[in-house]
Amino acid sequence: MDKNTVIAIVLSTLVIIGGFTIQAKFFPPDQVSTNLPATEKTVSSSNQEIIAPSSFIENTIEILPDTETQLSEEHITIETELVKIVFTNRGGDILSYQLKKHSDKDTYVEMANFTTDSNRAFSIILGNSSGKPLNDLFSVKRIDENSIGFFRNYDVKNEDGSISTFTLAKQYSFLPNDYMFDLKITINGDSTFSGLNSDNASYTLITSPQIGPEWKQKQDKYEYRRFYHLLEGKKKTVNVGQGQTKAINDHISWTGVAGKYFTLIAIPQEIPVSTLLYSTRPTIQDETAAQIYLTRAPILGNKSTDVWRFYIGPRTDKNLSKYNIITNNPYGMSNIRLDQIVEGSGILGPLEVVLKWMMEFFYKIIPNWGVSIIILTVLMRLILFPLTKKSSESTHKMQELQPKIKEIQDKYQGNQQKMNEEMAKFYKTVGYNPLSGCLPMLIQFPLIFAMYGLFNNYFEFRGAMFIPGWIPDLSQGDSIMNLPFTVPFLGWSNIRLLPMIYVVSQLLFSKVTQTPAAGQQNSSMKMMMYGMPLFFFFIFYNAPAGLLVYWIFSNVLTLIQQVIINKMMAKNKDTNLRLVKK
């Protein structure tokens, strides 16, 4: 393989990789956490030791008889218009949190994935994150149809050997038509109780091991889980390697874990969070994890009630921006900026908003998102036709001038300055601007990137049917056959038709738009023409169907435009020749 070919492949690969990572910004935290322990231990500190569960009390310091032997584990379900939640009185935790308006295969999207007997959603660790989540049976109080409480007593051994008792209570409160809910955690001690301080922390609240929908990290490169928090009004993205943890000691406004379409966000309501721990350590073998540990600073009085607010639902501007305006949400929240967790397009955001509006307009006329993609693609190609034509004409002009250009290059090969001067004179004489072929393409790039971001992340594509039996979901790859095995190294388990159609359309497009060349340059161009579509085949194999529909129709329409442009230029050339002969 010649040198130019190698350079072409390397540069192309770098450009592609750069394109896919241009919007990824990582903000590594200042401190890396210690490992989470694998073995159970007694929670202790320099001034307190929690020695045993005691009797039960309900928001009072009155000691009731020990009823532990009378309790048994029970599951309680609360269901609103939007969510269905299953609780256990073991720890007062959540076993399942499903979004009723969004499906995952044959069921609702599960936002409390991979819970186990030792790791449930919204468990509490007494002390810091190195402890073990509580697994004791709590008493239950059903407050109303959308609220439930759990409570239990614990004894504390103080430094002087005395025993104090406190009640740990958890109360969940939901609203009928909102993805946000309140979790109140109350520590209520007796008259001798002076606070809770175990390893410089009172307790740690943990989220679910993973949020849905289910996905395989090795198979679906377009899905992900990322950690975020808002610090001094700015969103920070934290990258955590698989099986690792990272700790943050900053005073954050909120923190969350998000996938492509859904998110879990924790908003402490004036709660002193001393440490924030992000963990990707799996609770189930071979499954991915994305869990947040929120450690509260020591409690210094005999009673404290903390209000944690959680949003668990779609990752969309529509659902999250309402918490920025006090009159638009039932919690009276304002300027909380939860919508910053939505994947944005940076400076291309306004352009993406316009494209969304246009596509939604087409959807109202023909209620099929696949058809909307095609109509929008056709419209964009028509708008860009003048630029495409100008670029093609410039390329054609360059081909005609190539013999003279080569002549100048050969003549002044050893004098770069003189060569540039002669080339400039030549271009001025023939009235040609070398940038005229590049500028139209540069102008198109913002639109191309905005459309890529739109089709790759648009929430409405999730579960959107295009062609029954072939493309049932524009947010997922198409499938014409399920394989009885997984392809080694690639992780493919389906045969997909759209990537194959894309490769054919790209090859045809390259064939029609290629320019004549000779020698090594021609060899390099052939390598690019045939090699790059195959490279993209592997990159786009599991791409969302909506994105591939856009690329395929864009290639087909550009191909048709190029054929028309070629005929127009050939006709103009014949006309000019006839005029010259006359």
Side-chain angles (χ1 to χ4, degrees), residues 39-44 48-79 84-98 112 114-127 131-157 163-174 181-193 196 198 202-209 283 296 299 302-306 308 310:
T39 58
E40 185 173 358
K41 68 171 187 176
T42 301
V43 180
S44 62
Q48 286 182 320
E49 182 182 357
I50 301 171
I51 55 177
S54 183
S55 54
F56 297 85
I57 57 178
E58 179 178 347
N59 296 324
T60 174
I61 61 173
E62 178 184 0
I63 304 294
L64 300 178
D66 190 343
T67 58
E68 180 178 1
T69 56
Q70 300 177 17
L71 289 176
S72 60
E73 184 171 4
E74 56 180 309
H75 295 168
I76 309 98
T77 299
I78 287 182
E79 194 165 353
K84 179 180 180 181
I85 313 104
V86 178
F87 298 87
T88 173
N89 67 326
R90 191 169 291 281
D93 304 335
I94 289 179
L95 298 176
S96 173
Y97 197 107
Q98 296 181 320
F114 309 144
T115 57
T116 65
D117 292 339
S118 59
N119 192 354
R120 298 178 291 267
F122 304 103
S123 293
I124 287 180
I125 301 172
L126 292 177
K132 197 77 173 177
L134 296 176
N135 200 40
D136 305 307
L137 293 173
F138 280 50
S139 290
V140 183
K141 180 179 180 180
R142 187 67 181 261
I143 300 168
D144 56 44
E145 63 176 352
N146 292 325
S147 300
I148 191 170
F150 302 90
F151 54 93
R152 183 179 185 118
N153 268 12
Y154 285 90
D155 289 339
V156 177
K157 185 176 182 180
I163 302 295
S164 297
T165 301
F166 72 90
T167 301
L168 171 61
K170 300 167 71 176
Q171 179 179 320
Y172 300 85
S173 300
F174 301 87
F181 70 91
D182 280 347
L183 170 56
K184 293 182 180 179
I185 298 179
T186 298
I187 303 293
N188 190 0
D190 60 18
S191 58
T192 66
F193 183 75
L196 188 61
S198 181
S202 55
Y203 66 84
T204 298
L205 178 65
I206 63 178
T207 66
S208 60
T283 56
R296 193 216 191 272
I299 293 173
N302 73 331
K303 182 176 181 180
S304 173
T305 297
D306 296 333
W308 298 87
F310 289 90

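With sequence neighbours excluded, the residues satisfying side chain to side chain donor-acceptor pair (under 3.5 Å) with S164 are N158, T192. For D117, there are no side chain to side chain contact (heavy atoms under 4.5 Å, CB included) partners at least two apart in sequence or on another chain. Not counting sequence neighbours, T207 has no partner by the side chain to side chain donor-acceptor pair (under 3.5 Å) test. E79 pairs by the side chain to side chain contact (heavy atoms under 4.5 Å, CB included) definition with K84, K100, not counting sequence neighbours. Listed by chain and number, the residues in a ring-ring contact (aromatic ring centres under 6.0 Å, His included) with F310 are F122, F181 (sequence neighbours excluded). Partners of S123 by side chain to side chain contact (heavy atoms under 4.5 Å, CB included), not counting sequence neighbours, listed by chain and number: D93, R120, P133, I206.
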Problem set entry | K132 vs I125, side chain to side chain contact (heavy atoms under 4.5 Å, CB included): CA-CA, chis, key distance, verdict | CA-CA 6 Å; K132 197 77 173 177; I125 301 172; 5.9 Å; no
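Nearest heavy-atom pair across S208 and A112 is CB-CA, 3.7 Å. In this structure, F150 and T88 approach most closely via the heavy-atom pair CE2-O, 3.8 Å. Shown here for T283 and P209, the closest heavy-atom pair between the two residues is OG1-CB, 3.8 Å. Contact record, N89 with S72: ND2-O, 3.2 Å, taken as the closest heavy-atom pair.
Going from atom CD1 of I148 over to atom CD1 of I76 covers 4.5 Å, rounded to the nearest 0.5 Å. Note: D190 CG to N302 CG = 8.0 Å, rounded to the nearest 0.5 Å. Going from atom CG of L95 over to atom OG1 of T115 covers 5.5 Å, rounded to the nearest 0.5 Å. Within the model, atoms OH of Y203 and OG of S304 stand 6.5 Å from one another, a figure rounded to the nearest 0.5 Å. L205 contributes atom CG, which lies 4.5 Å from atom CD1 of I185 (distance to the nearest 0.5 angstrom).
Looking only at distances, a side-chain donor or acceptor of K170 sits under 3.5 Å from a matching main-chain atom of G92. In this structure, the side chain of T204 engages the main chain of G127 through a donor-acceptor pair within 3.5 Å. Between the side chain of N135 and the backbone N or O of N119 there is no donor-acceptor pair closer than 3.5 Å.
Annotation: side chain of E145 is not in contact with side chain of I78 (no heavy-atom distance under 4.5 Å). Considering only heavy atoms from C-beta on, L126 comes within 4.5 Å of L134 through its side chain. With contacts defined as side-chain heavy-atom distances shorter than 4.5 Å, the pair F138/L168 qualifies. A 4.5 Å side-chain heavy-atom check between F193 and V156 finds at least one atom pair inside the cut-off. Using a 4.5 Å heavy-atom threshold, the side chains of T167 and R152 count as separate.
Under 4.0 Å is where a charged nitrogen must lie from a carboxylate oxygen, and between R296 and D306 at least one such pair does.
Using modelled atom types, one finds a donor on one side chain and an acceptor on the other under 3.5 Å when comparing D155 with T165.
Exactly one of I94, N146, D182 qualifies for a side chain to side chain contact (heavy atoms under 4.5 Å, CB included) with Y172. That residue is I94.
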